[in-house]
**Student:** 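Quick one: this structure, given as structure tokens, is what I'll be asking you about.
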Amino acid sequence: MASTELFDDAARRHGPAVLRVCRAVLGVGPDADDAWSETFLAALRAWPDIANDTNLEAWLVRVAQRKAVDVIRARARRLTLVDNLPDAPAAPGVIESSDASELWDYVAGLPERQRLAVAYHYFGGLPHAETAELIGGTSAAVRRAAADGVKALRRMCSDERAAEGRSR
Amino acid sequence: MNLDDLERAEITALVPVTEAEIDALRARLVERAEADGLVDVAYRTIDTPVGPLLLAATERGLVRIAYQREGFGSVLHTLAVRLSPRVLEVPMRLDRAARELDEYFSGTRRTFDLPLDAALSSGFRRTVQQILPQIGYGNTQTYKQVAGLVGNPNAVRAVGTACATNPLPIVVPCHRVLRTDGSLGGYVGGPEAKAALLRLEGA
């Protein structure tokens with residue numbers, strides 16, 4: 001068991017990283033919150049069996065990825081039911097948020113592969129090779145997507161700051 | 001921190017997550033965990049005249065009361081190892097114990113009416129701890145008398161050990177056991193706490 005860390009402490013320590021991953025993958029909102037809850041519930045279920053030397057953050061992020069995929073599938077099913085369209089898109093766009101910082105809108109606006117590469121590598125701390133296993137493609141391609149995504153985020157941030165500067 | 005970690009820290013700082021957000025998610029998680037029967041040990045802390053106390057309960061009942069000097073962190077780790085690693089802060093599960101202790105400290109309660117879980121003690125210690133509630137509010141017995149009560153008058157030292165390792169102080173009143181010469185003897189909460197409890201009870 002993960003005897004070196006209490007579940008509560010682990011949830012506090014890794015909660016923010018897991019939430020960032022869920023938000024980057026699903027958008028800010030109830031879907032991301034649900035994926036977070038499902039991830040930590042799974043962790044609590046597995047807690048007695050998690051080996052002492054497990055990289056807990058990476059373990060949680062991998063579970064979060066599976067839970068996010070579940071949420072996306074459920075979302076697609078819901079849409080299919082509502083629209084009664086057999087060809088409804090499998091992964092509808094990221095839901096919008098009103099209460100989160102604008103930065104999350106920038107993250108949501110990134111091309112999907114950049115967004116996922118940023119989510120799992122920068123927010124979740126997984127190596128590029130592991131991210132590639134989760135989202136497909138080569139490690140090198142994932143590295144490029146993550147770098148491009150981060151570059152775009154930085155540009156949007158500095159544009160915003162520049163705009164703020166001018167408006168003062 | 002290597003360069004990668006620094007860059008990661010810089011990027012994550014762009015999308016802050018507040019403590020309040022995590023607290024709200026955690027509260028929902030606790031509800032779900034409770035509903036799914038995943039909280040094996042629930043705990044909370046309370047403030048009392050003898051300092052903060054940690055209360056912990058299993059499904060069977062109150063299993064541990066700890067004084068701050070015992071180190072709450074290390075007590076929780078011990079619970080995780082000895083009972084179950086599924087230890088969660090769920091104050092609601094300890095509402096009744098907290099209320100009864102509150103009443104005890106305000107002088108309106110003389111006996112506790114709480115389900116107890118004796119999982120943390122065994123053998124002779126358990127026998128002694130189970131007999132201690134027979135010493136009524138405001139009364140005291142000596143270690144020697146308690147040894148007689150459990151039918152082993154020579155086991156004075158073992159009674160002392162049983163009192164010192166009582167996992168449920170206050171509710172299981174080991175503070176009512178004194179030395180034969182009338183001096184206080186040791187106490188898991190420290191001699192000041194023992195004296196304060198006896199003063200409260202008018203012993």
Side-chain angles (χ1 to χ4, degrees), chain A residues 1-24 28 32-50 99-107 118-119 121-125 127-128 146-147 149-150 153-154 156-157, chain B residues 1-45 54 56 64 71-91 93:
Chain A
M1 62 166 263
S3 58
T4 48
E5 188 161 28
L6 290 172
F7 180 82
D8 268 331
D9 294 344
R12 282 199 186 97
R13 198 153 69 91
H14 300 298
V18 172
L19 185 59
R20 284 190 186 94
V21 170
C22 293
R23 285 179 166 178
V28 178
D33 294 351
D34 284 349
W36 189 95
S37 296
E38 293 298 333
T39 300
F40 279 98
L41 267 182
L44 185 57
R45 274 201 185 87
W47 205 244
D49 306 314
I50 296 177
D99 55 343
S101 82
E102 237 164 82
L103 234 286
W104 283 114
D105 294 341
Y106 296 156
V107 174
V118 169
H121 177 69
Y122 284 103
F123 296 167
H128 294 301
V150 159
L153 283 180
R154 283 209 178 102
M156 288 186 271
C157 286
Chain B
M1 246 204 238
N2 62 34
L3 214 62
D4 256 17
D5 289 339
L6 271 177
E7 192 179 18
R8 204 187 150 202
E10 182 214 332
I11 302 299
T12 55
L14 294 176
V15 282
V17 166
T18 66
E19 214 168 292
E21 286 175 310
I22 296 300
D23 283 349
L25 285 170
R26 218 196 135 274
R28 273 186 32 183
L29 174 68
V30 163
E31 263 175 47
R32 289 277 311 273
E34 277 277 87
D36 290 4
L38 289 173
V39 184
D40 296 335
V41 182
Y43 72 89
R44 72 174 287 179
T45 54
L54 175 80
R64 187 78 167 89
F72 291 163
S74 91
V75 170
L76 288 172
H77 275 286
T78 305
L79 294 176
V81 172
R82 290 197 55 189
L83 298 175
S84 160
R86 294 198 186 104
V87 178
L88 248 73
E89 186 175 3
V90 189
R93 281 255 297 263

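In what follows, every chain begins at residue 1, and chains take the letters A, B, ... in the order their sequences are listed. In what follows, every heavy atom counts, from backbone to side chain, and hydrogens, waters and symmetry copies are set aside.
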**Student:** For the residue pair Tyr122(A) and Thr12(B), what are the closest heavy atoms and their distance?
**Tutor:** O-CG2, 3.6 Å
**Student:** Given 3.5 Å as the limit, does a donor-acceptor pair link the side chain of Arg20(A) with the main chain of Val15(B), or not?
**Tutor:** yes
**Student:** Donor-acceptor pair, Arg8(B) side chain versus Phe123(A) backbone, under 3.5 Å?
**Tutor:** yes
**Student:** Does Phe7(A) form a side-chain contact (heavy atoms from CB on, under 4.5 Å) with Leu88(B)? I'd like the steps, not just the answer.
**Tutor:** CA-CA 7 Å; Phe7(A) 180 82; Leu88(B) 248 73; 3.3 Å; yes
**Student:** Does the pair Glu7(B) and Arg154(A) meet the rule for a salt bridge (charged side-chain N to carboxylate O under 4.0 Å, His left out), with working shown?
**Tutor:** CA-CA 12 Å; Glu7(B) 192 179 18; Arg154(A) 283 209 178 102; 3.6 Å; yes
**Student:** What pair of heavy atoms forms the shortest contact from Leu44(A) to Arg86(B), and how long is it?
**Tutor:** O-NE, 2.7 Å
**Student:** Is chain B contacted by the side chain of Leu41(A), its backbone, both, or neither, given a heavy-atom distance below 4.5 Å?
**Tutor:** both
**Student:** Between Asp33(A) and Glu21(B), is a side-chain contact (heavy atoms from CB on, under 4.5 Å) present by the stated rule, with each step listed?
**Tutor:** CA-CA 10 Å; Asp33(A) 294 351; Glu21(B) 286 175 310; over 6 Å; no
**Student:** Using non-hydrogen atoms only, which part of Arg26(B) is less than 4.5 Å away from chain A: side chain, backbone, both, or neither?
**Tutor:** both
**Student:** Sequence neighbours left out, what passes ring pair (Phe, Tyr, Trp, His ring centres under 6.0 Å) with His121(A)? Give chain and number order.
**Tutor:** His128(A)
**Student:** Quick check: closest heavy atoms across Ala80(B) and Leu6(A), and the distance to 0.1 Å?
**Tutor:** CB-CD2, 4.1 Å
**Student:** Working to the nearest 0.5 angstrom, can you tell me the gap between Leu153(A) CG and Ile11(B) CD1?
**Tutor:** 7.0 Å
**Student:** If contact means a heavy atom pair closer than 4.5 Å, which residues of residues 34-45 of chain B contact chain A?
**Tutor:** Asp36(B), Leu38(B), Tyr43(B)
**Student:** For Val107(A), is it the side chain, the backbone, both, or neither that has a heavy atom closer than 4.5 Å to a heavy atom of chain B?
**Tutor:** side chain
**Student:** Between Leu25(B), Val17(B), Val30(B), which residue shows the highest count of heavy-atom pairs closer than 4.5 Å to chain A?
**Tutor:** Leu25(B)
**Student:** Would you mind checking if Arg32(B) and Glu38(A) are paired as a salt bridge, meaning a charged N to carboxylate O distance below 4.0 Å?
**Tutor:** yes
**Student:** Identify which of Gly124(A), Ala11(A), Ala17(A) forms the greatest number of heavy-atom pairs closer than 4.5 Å to chain B.
**Tutor:** Gly124(A)
**Student:** Heavy atoms only: give me the nearest Ser37(A)-Leu29(B) pair and the separation to one decimal.
**Tutor:** O-CD1, 3.7 Å
**Student:** Strictly distance-based, threshold 3.5 Å: is any side-chain N or O of Asp8(A) a donor or acceptor partner for the main-chain N or O of Glu89(B)?
**Tutor:** yes
**Student:** At a heavy-atom separation under 4.5 Å, does Glu19(B) approach chain A through its side chain, its backbone, both, or neither?
**Tutor:** neither
